[in-house]
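Everything on this sheet refers to the single structure shown next.
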Amino acid sequence: MSIPTGGIRRISKQPKRPRDKSQEEVSMSENTKRQMIVTMLAEGNPVWYVAAMVNMRSHDVYVFGCAAGYPDKVKLRRAVWAQRQLDRQAA
């Protein structure tokens with residue numbers, strides 16, 4: 001006896017998200033997310049862990065980290081320190 005498969009539909013568990021950023025709900029700004037990524041990498045957290053925390057792909061986290069000096073932790077700490085100094089001067 002065979003099971004008919006013609007009437008079965010796959011239902012996606014997650015609804016499709018709109019691609020346009022103006023329609024997309026953003027939980028935090030891009031700048032804040034980048035700062036958090038760089039800070040977490042500077043603290044020594046692995047890329048896969050940071051990606052899970054910010055709900056992004058590991059490759060994207062790695063790209064943000066490389067822009068700030070990853071995998072050199074000294075450069076990352078300098079980038080975090082410089083950003084904090086800019087924030088203090090702006091306040």
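Numbering starts at 1 and runs along the sequence shown. Note that this is a predicted model, so its numbers are computed, not measured. The analysis underlying the following values was restricted to heavy atoms, covering all of them including side chains, and did not include hydrogens, waters or symmetry mates.
The shortest distance between side-chain heavy atoms of Ile37 and Met56 falls below 4.5 Å. Residues Arg57 and Tyr62 are not in side-chain contact: their nearest non-hydrogen atoms beyond the backbone lie 4.5 Å or more apart. With a 4.5 Å cut-off on side-chain heavy atoms, Val47 and Tyr70 count as touching.
By the criterion of side-chain heavy atoms lying less than 4.5 angstrom apart, applied directly or through intervening Ile, Leu, Val, Met, Phe, Trp or Tyr residues, Leu41 is not grouped with Val63; the two fall into different hydrophobic clusters.
The shortest non-hydrogen separation linking Lys33 to Val54 is NZ-O, 4.1 Å.
Remark: His59 NE2 to Phe64 CZ distance equals 10.0 Å, nearest 0.5 Å. Here the CZ-CG distance, from Arg78 to Asp72, works out to 7.5 Å after rounding to the nearest 0.5 Å. Going from atom CZ of Arg34 over to atom CG of Asp60 covers 10.0 Å, rounded to the nearest 0.5 Å.
Between the Asn45 side chain and the Met40 main chain, a donor and an acceptor come within less than 3.5 Å of each other.
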Under 3.5 Å, which donor-acceptor pairs link side chains of residues 80-91 to any protein atom two or more places apart or in another chain?
unit_1	atom_1	unit_2	atom_2	d
Gln83	NE2	Asp87	OD1	3.2

